[in-house]
Amino acid sequence: MKDNSKLIHEFRKVVGRKYVFTDSLNKEPFSKGWRYGEGNALAVIKPGILIELWDVLKICVKEEMIIIMQAANTGLTGGSTPYGSGYDRPIIIINTMRIDHIHLINDGNQIIGLAGSTLYDLEKKLKPAGKEPHSVIGSTSIGASIVGGVCNNSGGSLVKRGPAYTELALYAKVNKDGKLELVNELDINLGKSPEEILINLQNKNYTNSDIIKSKKLASDDKYIEIIRDVESKIPSRFNADKRLLYNASGSAGKIAVFAVRLDTYDIPKKNQVFYVGTNDPKIFTKIRRDILSNFKSLPTSGDYLHKDCYDAAKKYSKDTFIVIEKLGTKFLPTLFELKRKVDLISKKIPFLPTRFSDRLMQFLSNFWPNHLPKRIEKYRGLYEHHWIIEMSDDGIEEARKYFKKFFKNNNGGFFECTEKEGKKAILHRFTAASAFGRYAALNEDKIGGEMSLDIAFPRNEKNWFEKLPKEIDDMFEMKLYYGHLFCHVLHQNYIIKKGVDPKILKEKLFKTYDNRGAEYPSEHNVGHEYKAKDTLRNFYKSLDPTNTFNPGIGLTSKLKNWK
């Protein structure tokens with residue numbers, strides 16, 4: 001076996017001993033996915049500045065190591081960690097979260113986000129300028145990175161903005177000859193050599209005159225037009241959409257992204273959350289088509305929650321809700337790291353159960369009083385389907401008049417949330433994502449597995465709520481449905497009965513989605529959970545011809561040169 005001690009010493013010379021992890025206890029938070037997938041890595045390295053990242057990459061390429069780029073490790077499909085075995089070279093995970101600088105440019109109308117900068121910090125930095133980032137809810141809450149959103153074409157919840165997208169980025173790639181090269185497509189004059197470019201960007205050593213008024217896009221400029229077309233047979237957004245695959249955008253870790261340049265958005269002057277309920281999914285179909293086709297002002301967001309998911313979130317996501325509400329989203333990454341460390345330590349103590357952190361937090365949450373507002377709880381008793389629609393500025397009155405008129409003749413109802421109710425409604429919806437994971441952790445000996453699927457249905461689909469054939473439906477213990485109803489992106493989480501083969505079941509589910517003209521995944525990217533379609537596979541090969549970065553993504557080859 002090759003002695004890697006000299007290699008580890010080289011890494012430590014670049015980033016410092018403190019930021020090179022080789023023992024399993026310190027590696028696990030980085031080598032195990034937040035919700036899916038894990039594998040072994042020779043080392044985890046955390047560079048602190050861009051030039052350190054470049055120097056680490058140079059060593060990895062010279063030694064023919066596999067490189068897995070990682071930021072917050074909050075992905076849902078295992079796309080930023082190793083996955084199982086079958087790799088033909090040692091793996092190095094490079095975590096970029098220490099490289100977190102954000103530059104505001106063009107009077108705050110655009111930003112430069114370095115490799116590990118987060119949406120949370122960006123939102124905070126933009127607020128004094130009256131601006132906000134592409135995503136302000138959802139991924140912001142779990143500490144996700146700006147670059148990660150772009151690399152995964154993450155859609156987010158905001159109806160008017162579409163997937164995270166830019167044609168302006170600074171990145172490194174390994175060319176077909178196996179040579180590392182730096183590509184500056186930020187359209188900022190930063191110098192010529194890689195070292196000069198990286199040092200100047202890190203230190204913001206450039207002026208307004210160095211920033212080129214680029215004609216390249218720094219956001220998706222077609223999405224409003226796309227989402228309004230409710231007669232289209234094509235989903236509004238999905239990861240294999242070649243329209244939005246451009247170098248860093250959609251790259252899924254097949255290059256090393258140092259920085260991205262993105263547009264920002266004006267903060268609305270006023271917001272209003274409408275809480276809508278019905279027992280007939282066709283009512284929501286009618287509302288969706290009316291609003292997208294006829295409203296002058298599109299909603300800010302519109303997120304769906306089925307009653308079973310409502311109940312599961314109330315019980316199993318209660319602690320996450322309380323942590324965010326009381327301590328803020330900034331604390332969540334710290335909480336996740338603490339959970340991982342507690343679980344690692346508990347494995348070494350024989351009398352403690354597995355997944356001890358989940359069991360402890362669930363136990364403690366039982367002593368906290370009901371955290372949901374009375375009016376929302378009343379709607380849970382009345383209605384099966386719940387829709388949290390946020391309007392802003394001129395759209396508020398437009399929605400108010402529409403709902404008053406609509407529910408005079410249609411089954412269901414609505415009310416206007418107070419500011420506190422609105423925040424709690426939105427938070428309840430977003431913490432719902434963790435409910436089925438907690439249930440699975442507490443019942444791992446009693447179930448056959450779990451699946452979290454991310455499906456984009458055609459824009460003209462009227463029967464959006466899933467009705468499965470009985471032979472498939474009987475294979476599930478629990479089904480939790482939530483998602484972004486205006487863009488027909490639904491997150492369908494399943495707990496499988498013991499004895500059922502998850503692989504066969506997934507194939508049957510995918511066949512039902514294919515029959516309905518759906519695309520998947522829609523915004524979480526393929527990771528190691530979905531097979532990459534030819535569009536994505538060809539894009540990955542063009543970015544990374546030697547298969548150095550993140551091999552195996554999308555169930556592709558893990559071997560050098562895509563063998």
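Values reported hereafter were calculated over all heavy atoms of this structure, with side chains retained and with hydrogens, waters and symmetry mates removed.
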Between His371 and Glu325, do the side chains contain an N or O donor and an N or O acceptor separated by less than 3.5 Å? no
Arg516 side chain to Glu461 main-chain N or O, any donor-acceptor pair under 3.5 Å? no
Heavy-atom count around Lys216 NZ within 6.0 Å, excluding the residue itself: above 12? yes
Can you find a side-chain donor-acceptor pair between Asp263 and Gln110 that sits under 3.5 Å? yes
Does Lys533 make a cation-pi contact with Tyr520, if we ask for NZ or CZ under 6.0 Å from the ring centre and within 45° of the axis? yes
Does Asp454 reach the main-chain N or O of His524 with its side chain, forming a donor-acceptor pair under 3.5 Å? yes
Classify the side-chain pair Gln362/Tyr439 by whether it contains a donor and acceptor separated by less than 3.5 Å. no
Is the backbone of Ala252 close enough, under 3.5 Å, to the side chain of Asn550 for a donor and an acceptor to pair up by distance? yes
Is there a donor in the side chain of Gln492 and an acceptor in the side chain of Glu466, or the other way round, less than 3.5 Å apart? yes
Do Tyr402 side-chain atoms and Glu397 backbone N/O form a donor-acceptor pair below 3.5 Å? no
The residue among Pro163, Ser157, Pro235, Ser236 that forms side chain to side chain contact (heavy atoms under 4.5 Å, CB included) with Cys487 is Ser236
Pro469 backbone acceptor or donor facing Asp473 side chain under 3.5 Å: no
Counting distance only, does the side-chain N/O of Thr300 pair as donor-acceptor with the main-chain N or O of Met391 below 3.5 Å? no
I'd like to know if the side chain of Trp464 reaches the main chain of Pro281, judged simply by a donor and an acceptor atom lying under 3.5 Å from each other, with no hydrogens or angles considered. yes
Under 3.5 Å side-chain donor-acceptor pair for His134 and Tyr265: no
Quiz question: by atom type and distance under 3.5 Å, do the side chains of Asn493 and Ser452 form a donor-acceptor pair? yes
Would you kindly say whether Thr118 and Ser145 are connected by a side-chain donor-acceptor distance under 3.5 Å? no
Do the side-chain N and O atoms of Glu377 and Asn370 include a donor-acceptor pair separated by under 3.5 angstrom? yes
